[in-house]
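The block underneath contains the structure these notes are about, expressed in structure tokens.
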Protein chains: 4
Amino acid sequence: MNFASDNTGPVHPKVMEALLRANEGHAMPYGGDALSRQVADRIREVFEAPEAAVHLVATGTAANSLILATMARPWSTIFCAPHSHINEDECNAPEFYSGGAKLTLVGGENAKIGADELAAAVAKEETRGVHGPQRGPVSLTQATEKGTVYSLPEIRAITEVARRHGVRVHMDGARFANALTRLGCTPAEMTWKAGVDAVSFGGTKNGLMGVEAAIIFDKTLAWEFELRRKRGAHLFSKHRYLAAQMEAYLDGDLWLEMAGAANAACARLARGLRQVPGAAFHYEPEANIIFAEWSRAGHRRLHDAGAAYYLWNGTLDGGPEDEKITARLVTDWSATGDGIDRFVALARG
Amino acid sequence: MNFASDNTGPVHPKVMEALLRANEGHAMPYGGDALSRQVADRIREVFEAPEAAVHLVATGTAANSLILATMARPWSTIFCAPHSHINEDECNAPEFYSGGAKLTLVGGENAKIGADELAAAVAKEETRGVHGPQRGPVSLTQATEKGTVYSLPEIRAITEVARRHGVRVHMDGARFANALTRLGCTPAEMTWKAGVDAVSFGGTKNGLMGVEAAIIFDKTLAWEFELRRKRGAHLFSKHRYLAAQMEAYLDGDLWLEMAGAANAACARLARGLRQVPGAAFHYEPEANIIFAEWSRAGHRRLHDAGAAYYLWNGTLDGGPEDEKITARLVTDWSATGDGIDRFVALARG
Amino acid sequence: MNFASDNTGPVHPKVMEALLRANEGHAMPYGGDALSRQVADRIREVFEAPEAAVHLVATGTAANSLILATMARPWSTIFCAPHSHINEDECNAPEFYSGGAKLTLVGGENAKIGADELAAAVAKEETRGVHGPQRGPVSLTQATEKGTVYSLPEIRAITEVARRHGVRVHMDGARFANALTRLGCTPAEMTWKAGVDAVSFGGTKNGLMGVEAAIIFDKTLAWEFELRRKRGAHLFSKHRYLAAQMEAYLDGDLWLEMAGAANAACARLARGLRQVPGAAFHYEPEANIIFAEWSRAGHRRLHDAGAAYYLWNGTLDGGPEDEKITARLVTDWSATGDGIDRFVALARG
Amino acid sequence: MNFASDNTGPVHPKVMEALLRANEGHAMPYGGDALSRQVADRIREVFEAPEAAVHLVATGTAANSLILATMARPWSTIFCAPHSHINEDECNAPEFYSGGAKLTLVGGENAKIGADELAAAVAKEETRGVHGPQRGPVSLTQATEKGTVYSLPEIRAITEVARRHGVRVHMDGARFANALTRLGCTPAEMTWKAGVDAVSFGGTKNGLMGVEAAIIFDKTLAWEFELRRKRGAHLFSKHRYLAAQMEAYLDGDLWLEMAGAANAACARLARGLRQVPGAAFHYEPEANIIFAEWSRAGHRRLHDAGAAYYLWNGTLDGGPEDEKITARLVTDWSATGDGIDRFVALARG
């Protein structure tokens, strides 16, 4: 009953096996080995983007920051949602990597950037010549930190605003697979075919040990990205162990299998929680995250039984037992039906 | 016969086993798990430094840059050897992480910083008040990039200069274990007992997949380091897999065993190469690196037989067969006696 | 009839005279001359702050950015109003000087930061440990970019929130004198006695050629400020010419005389515009700035007669003559009653 | 008898008159006024470069740092002489403005960069792919900090090395006029006709209050420079007062007249000092700076008589009276023959 995050569960056994397989003999470092090259090609295949610049890093913040820094200038402002990881959870990494760019927060419904709100925000910048920040890239999070998913039309509406103003679009895909599973489309359809210029293609939250691919569809940015990655200390010498994880991830569509399991677990959990008397959902769970509230008494039962998850706007103690407290629940590939059912039963009381 | 670097060989099987062991159930992320705490304590024990700030990162450049940024200010200059990794091989990462500090190059014999040269360089800075850069930390590399090792008196001579001028001392220990093995002293003796303030305690070049410990003996710097690590995108969510590697590294002194094997392989290789007619060594090999020159004909034989290593100042083609060309040879724990002997035989002809 | 800004008018003749007086013989550079020292002392006297760190720079953006960088860390977030100069009009200078700090926008009434809104915003940060930005200084603009003025109780309410959370408070006083004139209090009362930690004490918008004093009441920050100023290329070699301007500014309270004239001109202009049929004010003009709207026809008459000022949300052409368009009008010490009356007459038609 | 620097003397009266003339009526800010445009055109004329990007700033460090940042990337290394102002006297401003570029020091004779030394240094960089810093611009100082002047062939030898490696060349011309006077050529001949890409065209050390023109011959860099200037807080609102100084500077070749006077004063001083028993010159004075040594007794006489200048490697007290101590002497337009002769007489004893 651990729903604290999708980074608390184990690495998928097939990924561990791939690491063991890669651990044979010598391999050229820094991505110069055969496996690293093959994996980059495989990602290009999966994204139907034979020319894309593809680089591996070990953390999602690195992928996001390095891509955004490559697409922005220090005097840019990056457009993103208030709840985005780059704004709330990266300790100013985008500002650091970009050399001091600003983040302009753009609201919208369901924790997403709204196309109209974006149009207004982008139009407002660059109205003062040299005095204000200049328009930089848009960054949208798919799936969002609140567990909602942009539809393809929603993505296209955003990229059209961006295109109109000559700015690029980044997709923070820490939960790319969860969103893709939800939409049932191809990686290309959810990205470049919808006008997205670069993707942080996440693996860490979906069963890997620690690998994300930074995919930039305009390959002319590849060398700058490589220099930024090295300068940021994110170029791994023993690169084959990043590549091996990604190889296993894509092999036989393990990544989609894991995301499917995580989303299904989330749906099962949501179904169950809807039966909890008085439970309410803050967002419609469309991927693998739930924000829902129920009584303190229910949380107490779960807590006492060892369930692990975060309370978002309240504490276990210090209030009436029937007060509603919000939980954030995240599922990953390893969640079991038993654990979910037990969780729901405890929440119900 | 791969002596290209100590990052081209495999990870030690015991490290892989530790990763498999760690891959059970759930664990709190970002270093909040039990194993991560235990490993930090274990490092404090190994260094006899119960109060030290200990943090894991995945690359040596990250450890170096984050420590130096924590000990410098943007207007500092960092004193280091011309051949140091931070000067030549990190694509300006120290400048990036420090917010624009300068590197002042300090010469000396055997690829080391000389204490007298350091005293002159440090004295020269801060003679212009606000106009020049201010004195920042000294960074020494142990073992050096050229395979030499600072003796304890040499380290102390450097830290005394630093202490006299109120600046701190960082040790880039990407090859810490190789140096320690050479000196036959304790980690404490080679570091804080000799006046060193912080260490990049390397594992990646010595049999790990990718882990370095940043050890700062002044624990008041811990929180700033943590913020810098997070902002630099170097805080791993699935932190247990860094911890597991380091656990195996220290367990039963595996790290010293591996470094001992690497150094012994290097010594065997050096002994053999000394028999090659006309061979000459640029530095006395004291750890696991050799810079030596012999005839192009010898290199050609090795090349044709599939030996992998870097030529430093010449190419296989385009010159007389008896011309001397310098090779850089690096050994790691996995080097075999057979491979070495075959290499030597080919070099001899 | 030039109300485009308070930086379009001439320098006060007494300031020019002071520059001529200072232009005698030799003077030590970089602030080492007697006049520079005297002027710093004089500012300390004016602010009743004998221990304050006082440094001159030539632009308001420099004063703001250098102070904020000195009081923040790269991983901080600075709390400011959406319309603040540091957010909208400095092309990311605060982000640049701070090494990548973030700006958190805090709303409130009348273009000011509201104390309650600030309390909520500050409380929200540092709730995620190392993941989110850390709490940095609050920056309030006195007078605001919209021409409103914080009362002393309003300032104190803000500084109390800051104090409670252990963060410092900066006052962007590009129009310090205009605000002070409005409040009729002393510089000390409007700053440190009300809990303000540092001030950008503006002169450029109030009759000087280009001088601002950065005043930090905690003198332990002086040396860091000096290093940042030099590193930012803002330390003038011929510093006496900055000092001379500031000397004339304070001498005989010329600064208050000029601000008084500017505010009086603004009040006269506002009185007149209230008579314009259909005119409406967006903010109550409390210093030397007016945001007011009236018909396009009125703007056209003014434009044709050569009046200079900015239209804020519309253009002279492309709409009906009775459509309301907003003007920003700024007065300085040199505004004449005749010009104002003529302006008003034209607006009325 | 003040030879401490060329920034200790007064501003030329004609410059003050121009400031008074400019102080009439209103003018659009930020360089939008007519005078600012005219002055930029005038500089283009003087440099025979009708397409050049020309921008004014108030300090030499600003001009240098902004140009270098515009021509470098954060992962570049800038090639410069060890004694250059950008290396020794700008408190890491180039590193700050460039976002963390490195400075590679290149030796040579007479305090100049040697073309051969430069060729070796540039060739050595970019030999490690992504690992080392990338080649950035060359910066040469004309005249040098030691008072020597690059000949046209020397400049061309340097720019040819740069061209061969695809890097740009910046000229730090804080003492541009002094060097030009020495060479007797045109500004175009000393810059773009000799392969120089950008110039910090100094005025502050040659009779202005504080103005330097940043001239970049490739106008496509203009907008980036403007953004960097604004972000660096170096865009003056009351820009006409920078323009007025530069107008007077160029009018009737006042700049060359002042530099001629400074150089002549230096030559007279040098002639005199050659007569001082035991005096020796460290460099041949070719512009307006002398590095020469003579006895402590001589320095004492000068000191007691009130002469102002810097001792470079010794102090007035604490050694035998006949010990040689080095003085740095700098002349400006305001130096008088009487003062020089009196100085020489005192040095002689």
Side-chain angles (χ1 to χ4, degrees), chain A residues 4-5 7 59-61 64-65 68-69 72-78 80 82-107 120-121 123-136 145 174 232 310-315 328, chain C residues 4-5 7 59-61 64-65 68-69 72-78 80 82-107 120-121 123-136 145 174 232 310-315 328:
Chain A
S5 179
N7 58 31
T59 69
T61 299
N64 289 341
S65 295
L68 288 170
R73 299 304 306 268
W75 40 84
S76 302
T77 192
I78 297 163
C80 64
H83 288 305
S84 59
H85 201 265
I86 63 169
N87 183 45
E88 292 205 324
D89 292 302
E90 301 189 350
C91 196
N92 295 359
E95 289 89 344
F96 174 45
Y97 275 91
S98 65
K102 188 190 288 293
L103 268 57
T104 293
L105 306 184
V106 183
K124 193 180 158 233
E125 296 298 346
E126 288 197 12
T127 56
R128 304 171 206 278
V130 83
H131 298 281
Q134 306 296 299
R135 292 168 185 151
E145 296 287 318
Y310 288 103
L311 294 180
W312 216 242
N313 60 353
T315 53
R328 186 189 78 149
Chain C
S5 179
N7 58 30
T59 70
T61 299
N64 288 342
S65 295
L68 288 170
R73 299 305 306 269
W75 40 84
S76 303
T77 191
I78 296 164
C80 64
H83 288 304
S84 59
H85 200 265
I86 63 169
N87 184 45
E88 292 205 325
D89 292 302
E90 302 190 349
C91 195
N92 296 359
E95 288 89 344
F96 174 43
Y97 275 91
S98 64
K102 189 190 288 293
L103 268 57
T104 293
L105 306 184
V106 183
K124 194 182 158 231
E125 297 297 347
E126 288 197 12
T127 55
R128 304 172 206 277
V130 83
H131 298 280
Q134 308 295 299
R135 292 168 185 152
E145 296 286 320
Y310 287 103
L311 294 180
W312 215 243
N313 60 353
T315 53
R328 186 189 79 149

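Because the structure is a prediction, the values reported are computed rather than measured.
- Contact record, P133(C) with N92(A): CB-OD1, 3.4 Å, taken as the closest heavy-atom pair.
- Here S98(C) contributes atom OG and E95(A) contributes atom CD; the two are 9.0 Å apart, rounded to the nearest 0.5 Å.
- Taking CG of L103(C) as the start and CG of L103(A) as the end, the distance is 11.0 Å to the nearest 0.5 Å.
- Between N87(A) and K102(C) there is a side-chain heavy-atom pair separated by less than 4.5 Å.
- For P74(A), the part lying near chain C is the backbone, with the side chain staying farther off; criterion is any non-hydrogen pair under 4.5 Å.
- Neither the backbone nor the side chain of T61(A) comes within less than 4.5 Å of any heavy atom of chain C.
- Contact annotation for S76(C): only backbone heavy atoms (N, CA, C, O) come within less than 4.5 Å of a heavy atom of chain A.
- Contact annotation for E88(A): both backbone and side-chain heavy atoms come within less than 4.5 Å of a heavy atom of chain C.
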